[in-house]
Amino acid sequence: MKLSTKHLLGIKDLTREDIQLILSTAGQFKEVLQRPVKKVPSLRDVTIVNLFYENSTRTRMSFELAERRLSADVLNFAASSSSAAKGETLLDTVNNILSMKVDMVVMRHSASGAPHFLAKHIPAAIVNAGDGINEHPTQALLDAFSMQEKFGSLEGLKVAIIGDIMHSRVALSNMYLLQKMGAEVVVAGPPTLIPKHITEALNVRVEYNLRKALEWCDVANVLRIQLERQNQPLFSSLREYNLAYGISRRVLDQLGKEIVVMHPGPINRGVELDSDVADGPYSIILNQVENGVAVRMAALYLLANREN
Ligand code: CP
């Protein structure tokens, strides 16, 4: 089977079959990653550039590890230490890199739509590693893989996405993916952090009361408050936010049932999530990070295979 798309720009463009294919291929790569020799020759003749115009720890390292585990040749580009800092355009930068016989581009950019722009102008396959407040498709795929691993299926699963929905590419990609796969989604948080017409636009239910959202869900996917994307204050203080929407062990213990807690990272400890939850038995946060390598191996492998 092959993916229906040349690029991985967003979950919006994927079919249910594409998502199933990536998740099942990731399962096979996860088995490879349990072996003493964690490397396969699948992308031995492929060269990939990781083009990061915005900071990252998990996504950049996870992609690089996935590429190396697949035996690809890897180039790393950080905008802050490149000629982009001297004013070189995105397109000039990428065309210069591609002239060195690079086959695929993994790209993170603070501008929503930057990878979509690039896809119109270059021949190489592009993987979106997060574009502004638009999408972060491999994060949603690794989140889905982690939920499927925990619950067996996404069909009928109740997922609450909690926090800064307004500025979150993780939220949007998760909403697209979970709905395509038959899960139910509620978004929860303060009114100022939830887009006004989200129910009409994305067919999700909104819940402003944290406790009600937690009582309803099987999984709470908790998001970072993205202060760097807020031009004006959208809540009174981080302390107030923690009191109203922060998830602590005390809050979870009052539910009378167990739920799974996820977070894409980086965590603002003591703001959206307290350490007794982040590091506690309800959390699968580090499983998400582990699964990210297998999921990215699957995405890269399938995109490269589509070209052959
Ligand atoms: N989850 C995520 O995208 O983390 P990084 O910003 O560290 O890559």
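Whatever order the structure lists ligands and atoms in, that order sets their numbers, starting from 1. Heavy-atom basis, side chains included; hydrogens, waters and symmetry copies ignored.
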Looking at E67 and I48, would you say the former's side chain and the latter's main chain have a donor-acceptor pair under 3.5 Å? no
N-O pairing of E155 and R16 below 4.0 Å: yes
Walk me through whether D143 and S146 qualify under side-chain hydrogen bond (donor to acceptor under 3.5 Å, both in side chains). CA-CA 5 Å; D143 290 346; S146 306; 5.6 Å; no
Sidechain N-carboxylate O distance under 4.0 Å for K30, E149: yes
State which residues pass ring-ring contact (aromatic ring centres under 6.0 Å, His included) with F63; sequence neighbours excluded, sorted by chain then number. none
Chain-and-number sorted residues having a heavy-atom contact under 4.0 Å with ligand 1 are S56, T57, R58, T59, R108, H136, Q139, P264, G265
Is the backbone N or O of N203 less than 3.5 Å from a side-chain atom of Q179, with the two atoms forming a donor-acceptor pair by type? yes
